[in-house]
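See structure below.
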Amino acid sequence: MDILEGLNTAQKSAVMVTSGPLLILAGAGSGKTKTLIHRIAYLIEQENVNPDTILAVTFTNKAAKEMRQRLSALLNSSNSRLFMPWMGTFHSICVKLLRIDGASIGISNNFIIYDEEDRQSLVKRAVKELGIDNKSLKVRSISSAISSAKNNLVSPEEYEATATFTNQKNIAKIYEKYERLKKNSGALDFDDLLLETVNLLESKPEVRKKWQNVFKHILIDEYQDTNAPQYKIVKLITNKDRNICVVGDDWQSIYSWRGADFTNILNFEHDFPGAKVVKLEQNYRSTGAILEAANNVIKKNTKRTDKKLWTGSGMGEPVEIIESRDEADEAFAVSNKISSQAELGARNFGDFAVLYRTNAQSYPFERAFMQFKIPYQIIGGVRFYDRKEIKDIIAYLRLIYQPNDAVSFNRIVNVPSRGLGATSVERFLLSMESGDNSILSALANAYNINGITPRAKAAFQNLGSILNDLSTMSETVSPSKLIEELIDRIDYLNLLNDGTSQADERKNNIGAMISDALNFADLSSFLEEVALMSSVDTNSDKEKVTLMTIHAAKGLEFPVVFMVGMEEGVFPSARTFDEGPDVLEEERRLCYVGMTRAREELKLSYARSRLQFGQRSYNSPSRFLSDMSVEGTYSYVNHEELIDDYNQVEQKINIPIFVVGDKVKSAAFGVGQVIDANGSIVSVRFNSGYVKKLNAEFARLEKVI
DNA sequence: CGGTTGCACTTTTTT
DNA sequence: AGTGCAACCG
């Protein structure tokens, strides 16, 4: 049987137990994804299960995409998505359910999705409308308080009832107002997608039964990182046959700050009595040295299950600890190692990953990689769709699609500038409260508004007609074409011509969005993709060094991993110091996740000093380094040598870059002209008649002007 | 109304 | 160090 080939005993039984609840406890690198894919293939091919009745929930869109590709390769099917199971994140599956059945709980099918920035913008509005003026209450923290309330299934009324301090009472009021404003805007936020699905499945038995009937086999990946609403959804969509398979590892739970609760996985057998449990404990990814060090770190946690992860392969290279003087030195040390391995031909750039605790740590590496000419890519950080120019266009599109979207209206009402300031916009919104509640019709009737100038009236009406025209157009033209028309109509590219060096990049981004939109048939699906696409979902380039946070690296693996910034106050983060032990345990799990991404070589690096918040701080090496310590497994790199190297390279870097036609002077050969240049290898025709091919790094060439 | 200047704050992690 | 925001002026 093809499908079972290449699986170990535990993996085989995880594939073949196809009825009833199943818990797969999969240690890091134990072939979890492979097992899941084989399990789905087995259901389809061996048990003739209709793919449409299988639901597989992944943690990221990227993971779903990868699973789809690997499954289609295994099934040897032509890459058709038609015969594919339902695959996606909880959020994307919920969107599908709500678009289809949301109407029964009062959610219109053209709802739009608010991201964190949209939420904060609406919170700001709520604070303003309520007249709350309290500087100790920041929009950011209000937003996160609301989000965590929602993730704990606490309604505004319940929040209000338990509020004691003034700040809490204020947050309760803002929470309530925020919910109302959001509803008026025809929008759902990320948390709503889950909550409203719970609400739908709980309150409408016929809808629940319908979906229970659709999903005959359910698989949930990364179950240790499910939160309360997600847990409820799992329970609600599982039918009486209980063909529910969850996969996870409590040692790798790193999202509790987002409401994830790893006791969900610990309680699975209790929630689904009679569940079978399969443990995948053989690690196929990492060397013995890496695994041993990682185990030593996780061992220090008290709240965890016991399991013994083992490998059949040898110890391999010792885990290496690199000490550097400061963050620039650290970036240099990493670049130096990558560069020399790549030059030797021992590794490709794509074999390396640099993992850090926070996105802000990427900067020195970007600089060093540029100097070393190391190709790199950053995964995560600012999403493509979070760029200002992209969000402006998206705001227009959303407003066209959902004419009540107040957040988008606020964003674009004066972009590009139409002479509409805060006062006019306030008066406009005030007039809306008493009359129209559709922004579009209010714009058309703007001449009725009292207290605004004729110029402002005309500007509102003009915006109204732009939106109206495009809205009509959107029914017949593609999203891509619609964006082009929009940009033309509001002369947006001209707005981007602000004389700054980023103008071209911004225009390129707009171009990239237009070509991206070509993949979508209608506005609705394009907006949905834009909202749910996360920053870690971008395709990675196999020829480049990957830079990302440890969180973003979950589920991935690389031959060589550098974990950088291994310092107290960086990792573990300073924020954990005044929190309870649970928070530190999560940091330690995060460390474990990072270490177990490495297949062959793991290098941990710390700097004696680092620029933090614009100040130089001197942090001691991370406690995790001493946790993992095993005699004879480590080699320390002498930082003094590194500094010498660093100075050498600084000199190298200072050599000018030569282009064809440059006049140059060499101490040995005199004056000449560059006739060919490829990096530091330069061909020069000297006035003496000689043509020499020189390495500019060593030849001490000088430019002559 | 819109642009500029100065000050405060930032760094967890992301669907 | 870089960004976002509030206050001020033309």
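Throughout, a chain's letter reflects where its sequence line sits, starting with A, and its residues are numbered from 1. Basis for what follows: all heavy atoms, side chains included, without hydrogens, waters or symmetry-related copies.
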**Prompt:** Does a salt bridge link A:Glu222 with A:Lys554, judged by any charged N lying under 4.0 Å from a carboxylate O?
**Reply:** yes

**Item:** Between B:dT11 (P) and A:Glu587 (CD): distance, integer Å
**Value:** 16 Å

**Item:** Any donor-acceptor N or O pair under 3.5 Å, side chains A:Tyr492, A:Asp392
**Value:** yes

**Item:** Modelled atom types, side-chain donor and acceptor of A:Ser605 and A:Glu330, under 3.5 Å
**Value:** yes

**Asked** In terms of side-chain heavy atoms, does A:Ser185 have a donor or acceptor partner in A:Gln402 at a distance below 3.5 Å?
**Response** no

**Message:** Once you apply a heavy-atom cut-off of 4.0 Å, does A:Tyr255 come out as touching a base, just sugar-phosphate, or nothing?
**Reply:** sugar-phosphate

**Prompt:** Should the pair A:Tyr376 and A:Phe369 be assigned to parallel (<30°), tilted (30 to 60°) or perpendicular (>60°) ring geometry?
**Reply:** tilted

**Complete:** Rounded to whole Å, CZ of A:Arg119 lies from P of B:dT15 at a distance of 14 Å

**Prompt:** Distance between the C1' atoms of C:dA6 and B:dT11, in whole angstroms?
**Reply:** 23 Å

**Message:** Strictly under 4.0 angstrom, non-hydrogen atoms only: write out the protein contact profile of nucleotides 1-10 of chain B, one letter per nucleotide from the 5' end, B, S or -.
**Reply:** SS-------B

**Request:** Among the candidates B:dT11, B:dT15, B:dT14, find the nucleotide nearest to the side-chain atoms of A:His551.
**Result:** B:dT14

**Message:** What contact category does A:Asp191 fall into here, base, sugar-phosphate, or nothing, at under 4.0 angstrom with non-hydrogen atoms?
**Reply:** nothing

**Message:** Within the 3.5 Å criterion, strictly below it, is a donor on A:Asn619 or A:Tyr606 matched to an acceptor on the partner's side chain?
**Reply:** no

**Asked** In whole angstroms, how far is the P atom of B:dT11 from the CD atom of A:Glu116?
**Response** 12 Å

**A:Asn359 side-chain N/O to B:dT13 phosphate OP1/OP2 under 4.0 Å** = yes

**Request:** Examine B:dT14: is either OP1 or OP2 under 4.0 Å from a nitrogen or oxygen in the side chain of A:Thr549? Give yes or no.
**Result:** yes

**Asked** Could you state the CE-C1' distance from A:Met87 to B:dT15, rounded to the nearest angstrom?
**Response** 19 Å

**Request:** Please work out which of the three classes, parallel, tilted or perpendicular, describes the rings of A:Trp257 and A:Tyr255, given edges at 30° and 60°.
**Result:** tilted

**Request:** Take atom CG of A:Leu532 and atom P of B:dT15, then tell me their distance rounded to the nearest Å.
**Result:** 10 Å

**Request:** Check the distance between B:dT15's P and A:Glu529's CD and give it to me in whole angstrom.
**Result:** 13 Å

**Stacked cation flag A:Lys182 on A:Tyr114, 6.0 angstrom / 45 deg** = no

**Fill in**
A:Leu547 CG to B:dT13 P, in whole Å, measures 14 Å

**Asked** Using a heavy-atom cut-off of 4.0 Å to chain A, what are the terminal contacting nucleotides of DNA chain C, in 5' to 3' order?
**Response** C:dA1 to C:dC5

**Prompt:** Separation of A:Ile93 atom CD1 from B:dT15 atom P, in whole Å?
**Reply:** 16 Å

**Message:** Quick one about A:Thr549 and A:Asn359 (side-chain donor to acceptor, distance below 3.5 Å, no hydrogens or angles considered), yes or no?
**Reply:** no

